[in-house]
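Working notes, beginning with the structure itself.
Naming convention: chains lettered A, B, ... in sequence-line order (proteins, then strands); numbering from 1 in each chain.
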2 protein chains.
Amino acid sequence: MEDPKHLEIVTHLKDHLIVSSELENVVALFKTLGDVTRVRIILALAESTLSVTELTEVLDLNQSTVSHQLSLLKQQNLVKGTRNGKNIHYELSDRHIMTIVDQVKAHVSEHGRN
Amino acid sequence: MEDPKHLEIVTHLKDHLIVSSELENVVALFKTLGDVTRVRIILALAESTLSVTELTEVLDLNQSTVSHQLSLLKQQNLVKGTRNGKNIHYELSDRHIMTIVDQVKAHVSEHGRN
DNA sequence: AATACATATTAAGATATGTGCATATGTCAA
DNA sequence: TTGACATATGCACATATCTTAATATGTATT
């Protein structure tokens, strides 16, 4: 409290930091990206559109696991699938996501944890 | 498989998608940001440097909770604390984080979930 | 040294999450 | 319509995570 402005800032901070629904959405998106399987799926789809079976093979995962995680990724509008006969082609719904991932990559490498 | 290039891409994709330690670090960072309490702490610290007690009051949280989450945030180099007598002043260790948060905010609002 | 205040840590309980099995649903081809 | 393939879903289990209370540690003041 050496800075006289500090107390004032802190006093009013509580009112400004309302728990917005936006906060919930932001956190939900981060949470979705906070899983190795899901990020691997995203990175794979960043390379090429893939069906569930292809994802299963390429990432060496259970089909059920892939479907479950794709479902969560869809809920967050991170991927979208379009049916093509028996298969469903999944792709990133938005290139924006790769920007975010790259941003985080940059942060990680800046701190030399890899 | 209507595209002849597709099979080739998929075939070789498996080799390119190595589970790097970088992936683990990226995911760990996302996971850290995937919690309401931690993001609220980050948003508060984006406004002002704060002690643990101040964070506790401003965010209306248990002191123990704040300490626990600060500990996780420190592990990810998201915040740093410097002791000042009895208090420890916490601040964002890197403005970069706000860029990431803002980026995700943008993505979220683009998809009209708030 | 004793006390008070600030922060960290340990342990425990409640809840959430990821995975895989089994099965259901959807789609095409014969 | 039956069979084969592709994807989704319900369930159960194992594990991880978040929070809290209790306590320990660190720091300043007297």
Side-chain angles (χ1 to χ4, degrees), chain A residues 1-2 6-7 10 19 23-25 27-42 44-45 48-76 78-91, chain B residues 1-2 6-7 10 19 23-24 26-42 44-45 48-76 78-91:
Chain A
M1 331 297 166
E2 50 301 328
H6 187 70
L7 181 61
V10 174
V19 182
L23 174 61
E24 299 283 351
N25 289 329
V27 167
L29 184 47
F30 278 128
K31 196 174 293 186
T32 302
L33 294 173
D35 175 82
V36 174
T37 301
R38 286 191 290 268
V39 172
R40 287 179 72 214
I41 289 173
I42 289 171
L45 293 180
S48 170
T49 293
L50 295 165
S51 71
V52 176
T53 302
E54 286 171 337
L55 277 168
T56 300
E57 291 165 353
V58 165
L59 300 179
D60 198 25
L61 291 169
N62 195 294
Q63 179 267 319
S64 177
T65 297
V66 173
S67 272
H68 276 302
Q69 303 302 355
L70 280 174
S71 162
L72 295 178
L73 290 169
K74 262 188 289 185
Q75 278 178 46
Q76 291 299 318
L78 293 174
V79 307
K80 66 178 173 192
T82 49
R83 190 172 269 279
N84 235 319
K86 281 187 287 194
N87 303 319
I88 299 180
H89 285 358
Y90 277 95
E91 63 186 316
Chain B
M1 329 294 169
E2 50 300 329
H6 188 68
L7 181 61
V10 174
V19 181
L23 174 61
E24 299 284 351
V26 168
V27 168
L29 184 47
F30 277 129
K31 197 173 293 186
T32 302
L33 294 173
D35 175 83
V36 174
T37 302
R38 286 191 290 269
V39 172
R40 287 179 72 215
I41 290 173
I42 289 172
L45 294 180
S48 170
T49 293
L50 296 164
S51 70
V52 176
T53 302
E54 286 170 336
L55 278 168
T56 300
E57 291 166 352
V58 165
L59 300 179
D60 197 26
L61 292 169
N62 195 294
Q63 179 268 319
S64 179
T65 298
V66 173
S67 271
H68 276 300
Q69 303 303 355
L70 280 174
S71 163
L72 294 177
L73 290 169
K74 262 188 290 184
Q75 278 177 46
Q76 291 297 319
L78 293 175
V79 307
K80 66 177 174 192
T82 49
R83 192 172 267 279
N84 235 318
K86 282 187 286 193
N87 304 320
I88 300 181
H89 285 357
Y90 277 94
E91 63 186 315

Separation of C:dA6 atom P from B:L70 atom CG, nearest Å, is 16 Å

Is any side-chain N or O of B:S64 under 3.5 Å from a base N or O of C:dT9, one able to act as donor and the other as acceptor? yes

A:T37 side chain N/O closer than 4.0 Å to the phosphate oxygens (OP1, OP2) of C:dT19? yes

D:dT7 C1' sits how many Å from A:L55 CG, rounded? 12 Å

Identify which nucleotide among C:dG18, C:dA8, D:dT7 has an atom closest to any side-chain atom of B:V52, counting heavy atoms from C-beta outward. C:dA8

With a 3.5 Å cut-off and just heavy-atom distances, do the side chain of B:Q63 and the base of C:dA6 make a donor-acceptor pair? no

In whole Å, what is the span from the CD atom of A:E57 to the P atom of D:dC5? 13 Å

Is there a side-chain contact between B:K74 and B:Y90, using heavy atoms and a 4.5 Å cut-off? yes

Please tell me if the side chains of B:I88 and B:S51 come closer than 4.5 Å, counting only heavy atoms from C-beta onward. no

Would you confirm whether A:S71, through its side chain, and A:S67, through its main-chain N or O, come within 3.5 Å as a donor-acceptor pair? no

Ring of A:H68 versus six-membered ring of D:dT9: centres under 5.5 Å and planes under 30°? yes

Between A:S67 and D:dA8, is there a side-chain N or O to OP1/OP2 distance below 4.0 Å? yes

Tell me the interatomic distance from B:L61, atom CG, to D:dT19, atom P, rounded to whole angstroms. 7 Å

Interatomic distance, B:I41 CD1 vs D:dT19 P [rounded to whole Å]: 9 Å

Per atom distances to the B:Y90 side chain, the nearest of C:dT7, D:dT27, D:dA8 is C:dT7

Ignoring hydrogens and angles, state whether a donor on the side chain of B:Q69 or B:T65 is under 3.5 Å from an acceptor on the partner side chain. no

Indicate, yes or no, whether a donor-acceptor pair under 3.5 Å links the base of D:dA6 to the side chain of A:T53. no

A:E57 and A:T53: side-chain donor and acceptor closer than 3.5 Å? no

Indicate whether OP1 or OP2 belonging to D:dC5 is found under 4.0 Å from a side-chain N or O atom of A:N87. no

Is A:Q69 close enough to C:dT19 that one of its side-chain N or O atoms is under 4.0 Å from OP1 or OP2 there? yes

Integer-rounded Å distance: C:dA6 P and B:E54 CD: 10 Å

Against the side chain of B:K86, the closest entry in D:dA8, C:dG20, D:dG26 is D:dG26

Phosphate-side-chain proximity, B:K74 and C:dA8, N/O vs OP1/OP2 below 4.0 Å: yes

note: A:Q75, atom CD; D:dT9, atom C1'; distance rounded to Å ~ 13 Å

Figure out the CD/P separation between A:E24 and C:dA16, and round it to whole Å. 13 Å

Could you tell me if the side chain of A:L45 sits less than 4.5 Å from the side chain of A:V79, heavy atoms only? yes

Does A:R83 put a side-chain nitrogen or oxygen below 4.0 Å from OP1 or OP2 of C:dG26? no

